[in-house]
Each structure stands twice: as C-alpha cells, then as structure tokens.
J.: 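This is the structure I have questions about; it appears just below.
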Amino acid sequence: MELWSKLRNLDAYPKVNEDFYSRTLSGGLITILSSLAILLLFFSEIRLYLYSATESKLTVDTSRGERLHINFDVTFPALPCSLVAVDTMDVSGEQHYDIKHDIIKKRIDHLGNVIESRKDGVGAPKIERPLQKHGGRLDHNEVYCGSCYGSEESDDQCCNSCEEVRDAYRKKGWALTNVELIDQCKREGFVQRLKDETGEGCKIHGFVNVNKVAGNFHFAPGKSLEQSFNFLQDLLNLQPESYNISHKINKLSFGEEFPGVVNPLDGVGWTQDNSNGLTGMYQYFVKVVPTIYTDIRGRKIHSNQFSVTEHFREAIGYPRPPPGVYFFYEFSPIKVDFTEENTSLLHFLTNICAIVGGIFTVAGIVDSFVYHGHRAIKKKMELGKLG
C-alpha cells in the first residue's frame, strides 16, 4: 500500500472534482477555435506524411564519355521545310550536317495548318535508270557513275548526286548554272520541291544525339555552314533577305524530363524584322546543369536543367554570318541531385504531439487571461471603481 501511495504522489495530472469546475462562454469559444486549429494542422501533417518531399544537393559532375538527347519542337511560320536542315558540331570535332534520322518535318500553311507530315529524308523521287558518265542510261548489271559535267579532277571521278556535282564545280571555281539540266539535280527534284513549297512554313520536331561536351546545334539552310546558302543562290537566285528565320520554340529539353522541371524556352518565339531587308543568326546561349532525380521508389532519371540568354546577329559585314537559328550549349561542372523522401513515422507522431500539446497549452493561457481579466473587470464594476 505504501508503494501505491508513492506512485499516487508522482501523478503529474491531479484530478479536480467536477463540483469545482467553472465553465464560461469564452472558454467554449476558445475550445472550438483551438479544436479547429488542431484539425487543420493535423490534416496538414497527414498530407505532408503521405506525399513525398524533395531534397536537393550539389555535387561535382565527374561523368565522362556520355551522350545526350536534345529534344526539340520548333515552328518556322515563313520558312519552307526544304530550306531547313539540322546540323550539330562540338568541341571534340564531331560534326553532322543535314541530319535526317529521328526528325519529322511538317509542312504548314500561313495559318499554321499541317499540309503534309513526313520523316525527313523520306519521299524523295525514285531513281529510274540515271544517266551514266559515258552518256547512256544505267543498265541492270552496271555500277552507277554519274557525270561531273566537265569538272572531274580525274578520269575515274564520279558525281552521283546533285551535291557532288555542285562540290566539283565549286572546287573548279565555276558557277553552277542551269541546275535543272543536271540529271542528278533533276532526279532529286530539289528545285521543284522549293517551288512547290513557296509561301509555306515548317514545323520540325525530333531529337539529336550529341556528346556531353560544349557544342551547338542549329537550324540552317543546306548541308554546311559555308556552302549551303551559295547552293540556294545557285538554284533559285535566293537572296539572304528572303530567308525568314522567324520561329517559335514549342519544346526544347536536354535529356529526359522529370517532375517539376521548367524548360525556360518552351513557348518562346521571335519574329524577324523585315523593315531593313536583312536576316541573320538568332543565337541562344544555353548553360546546361546536369541533374539526377531519384523518386520515392529509388528510380533515377538522368536529365538536365538549363538557363539561356539570346542574341540576334545581323547578316552584315564580311564574312557574312550564315542565316539560321543556333543553340550554343555548354555544361556546368556542378551536378544537382534531387531526391524524393517521405517523412518518417516517428517524425510524424512527434509533430502531431507538438501540434496538440502546443495549441492546447496556448489555448489554456488565452482562456486564463480572458477569464481572470473578465473577473477583474466585473469585480471593479461591483465596487463602483470602473468609469
């Protein structure tokens, strides 16, 4: 019995007989408000417990030898698809001109409606018995060797495409005239396609696979920066001011997307000012930050975030810059790691106890202040000392 008595003395919650309770209207209102506050904060903690939070940290990016998909969807409202080519180059020396695989071009009218959709490089005219170097047509048992039309550097040189004929003429310093009389150019139908697409626009989307080093990719005419516009001038007497690089970037991302990513160029557009009759290079300078996103199940997404600045360089002076839309990118040496984490059960219970105990204690202090203040005022009024 002595042990039970000692335990009873340790009771930190002494009970008060109900006969001594005094319930007030203010106490009832404070109880309701504090209960609502407890419920509100309780459900808030439940939501935070059920849904993961994202923690981030910065580390040095030590990855080497990786490759990257640059995904794009760009609309050129006043540039025919036949005049748009995708090129890439980087500081390692890797260059790719007029990329056709994994790219879709859609011809659009002046209202933006799709006229035709095709994978780039698909739909070229079928070659039927091309003209041989010796002047006859290709037989079934012959190997094709097209004529260079007098620009051969050796007797065994062959020009099997319009591009090869043009290169051979350029090496000789000759002008390529009467292009439609060249068998290779006539069969490829490039000139006719340009004529058919006059007044149209182009929507181009897909991706390019590049090394994870500084470089650029761009939308420009022809197959190379130095020679492309000369080729167009040879074909149609096309002047630089007629190459309208107005554009809208519907989508641009570096790598796979992850939850919460913001691509700053999505929906960005630019309209060329034709008042001065000049075109030029529209340049985007992109700073890419490698990013790894780890979801709550441990699945990792290797991606990138980026920031960008823009600049337009008019095609004036010499050498005249090639017209087009250029994206110059470089990678940050710092990598960002995002990790989804759930709140632990122990932390959740601790917060619930803190909410209930804290609000209960604060409500008690407020109730005590209101109760004793009301009593003091009432007592003064009874003594006639108030007012």
Side-chain angles (χ1 to χ4, degrees), residues 1-59 257-264 266-267 289 291-301 303 305-307 332 334-387:
M1 294 298 294
E2 184 178 355
L3 176 63
W4 299 125
S5 177
K6 290 181 178 181
L7 287 175
R8 188 178 297 110
N9 292 333
L10 294 176
D11 185 4
Y13 310 100
K15 312 304 182 291
V16 180
N17 194 307
E18 291 187 2
D19 294 338
F20 297 99
Y21 279 130
S22 176
R23 303 183 185 277
T24 63
L25 177 62
S26 61
L29 293 174
I30 292 174
T31 300
I32 292 175
L33 294 175
S34 60
S35 298
L36 291 175
I38 290 175
L39 286 176
L40 177 64
L41 295 179
F42 175 77
F43 285 116
S44 176
E45 282 297 320
I46 287 286
R47 185 180 64 83
L48 292 176
Y49 177 70
L50 295 179
Y51 294 95
S52 58
T54 302
E55 298 292 333
S56 62
K57 66 177 182 179
L58 301 178
T59 57
E257 294 197 2
F258 59 90
V261 64
V262 176
N263 297 316
D266 290 357
V289 180
T291 303
I292 297 179
Y293 189 94
T294 306
D295 63 18
I296 197 64
R297 295 183 295 275
R299 186 174 70 94
K300 289 188 175 183
I301 300 175
S303 185
Q305 304 175 85
F306 66 92
S307 61
S332 169
I334 301 300
K335 177 175 61 178
V336 180
D337 290 304
F338 289 116
T339 305
E340 286 185 351
E341 295 179 350
N342 269 341
T343 305
S344 67
L345 179 61
L346 184 61
H347 184 72
F348 169 71
L349 294 177
T350 301
N351 286 349
I352 294 299
C353 292
I355 289 171
V356 175
I359 292 181
F360 183 80
T361 301
V362 171
I365 294 173
V366 173
D367 179 64
S368 177
F369 177 78
V370 172
Y371 175 72
H372 289 291
H374 181 263
R375 286 191 60 186
I377 293 173
K378 185 176 179 181
K379 191 172 183 180
K380 287 184 178 182
M381 290 179 64
E382 291 175 351
L383 297 175
K385 294 182 179 181
L386 190 66

J.: For Gly364, is there any backbone N or O sitting under 3.5 Å from a side-chain donor or acceptor partner on Ser368?
T.: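 Not confirmed, Ser368 side chain does not pair with Gly364 backbone.
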
J.: Of all the heavy-atom pairs spanning Pro259 and Ile301, show the shortest one and how long it is.
T.: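 Minimum heavy-atom contact is CD-CD1, 4.4 Å.
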
J.: Please state whether the rings of Tyr293 and Phe338 are parallel, tilted or perpendicular, taking 30° and 60° as the class boundaries.
T.: tilted

J.: Between CD1 of Ile46 and CG of Leu39, what distance do you get to the nearest 0.5 Å?
T.: 11.5 Å

J.: I'd like to check Lys300 versus Phe258 (side-chain heavy atoms, cut-off strictly below 4.5 Å). Are they in contact?
T.: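 No. Closest side-chain heavy atoms not under 4.5 Å.
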
J.: Output the distance between atom NZ (Lys335) and atom CD (Gln305), rounded to the nearest 0.5 Å.
T.: 13.5 Å

J.: Which atoms form the tightest heavy-atom contact between Thr291 and Val289, and what is the distance?
T.: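 Closest approach of Thr291 to Val289: OG1-O, 3.1 Å.
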
J.: What heavy-atom pair brings Ile30 and Ala363 nearest, and what distance separates the two atoms?
T.: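 Looking at all heavy atoms of both residues, the shortest contact is CG2-O, 3.7 Å.
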
J.: Taking side chain as C-beta onward, heavy atoms only, is Pro264 less than 4.5 Å from Phe306?
T.: yes

J.: Is the side chain of Thr350 donor-acceptor paired with the backbone N or O of Leu346 at a distance under 3.5 Å, no angle test?
T.: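 Yes, the answer is positive, given that a donor and an acceptor are paired below the 3.5 Å cut-off.
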
J.: Quick one: CD1 on Ile38 to CG on Leu33, what's the gap to the nearest 0.5 Å?
T.: 11.5 Å

J.: Tell me the closest heavy-atom pair linking Leu58 and Val336, and the distance in Å.
T.: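 Heavy atoms of Leu58 and Val336 come nearest at CD2-CG2, 3.5 Å.
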
J.: Apply side chain to side chain donor-acceptor pair (under 3.5 Å) to Thr59 and list each qualifying residue two or more places apart in sequence or on a separate chain.
T.: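 Checked Thr59 against side chain to side chain donor-acceptor pair (under 3.5 Å); matches are Asp337.
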
J.: Spell out, as yes or no, whether a donor-acceptor pair under 3.5 Å connects the side chain of Glu340 to the backbone of Asp295.
T.: no

J.: For Glu257, give me all partners under salt bridge (Lys or Arg N to Asp or Glu O under 4.0 Å), at least two apart in sequence or on another chain.
T.: Lys251

J.: Is any side-chain heavy atom of Ser35 less than 4.5 Å from a side-chain heavy atom of Thr31?
T.: yes

J.: In Å, rounded to the nearest 0.5 Å, how long is the span from OG of Ser34 to CG of Asp367?
T.: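 That separation rounds to 9.0 Å.
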
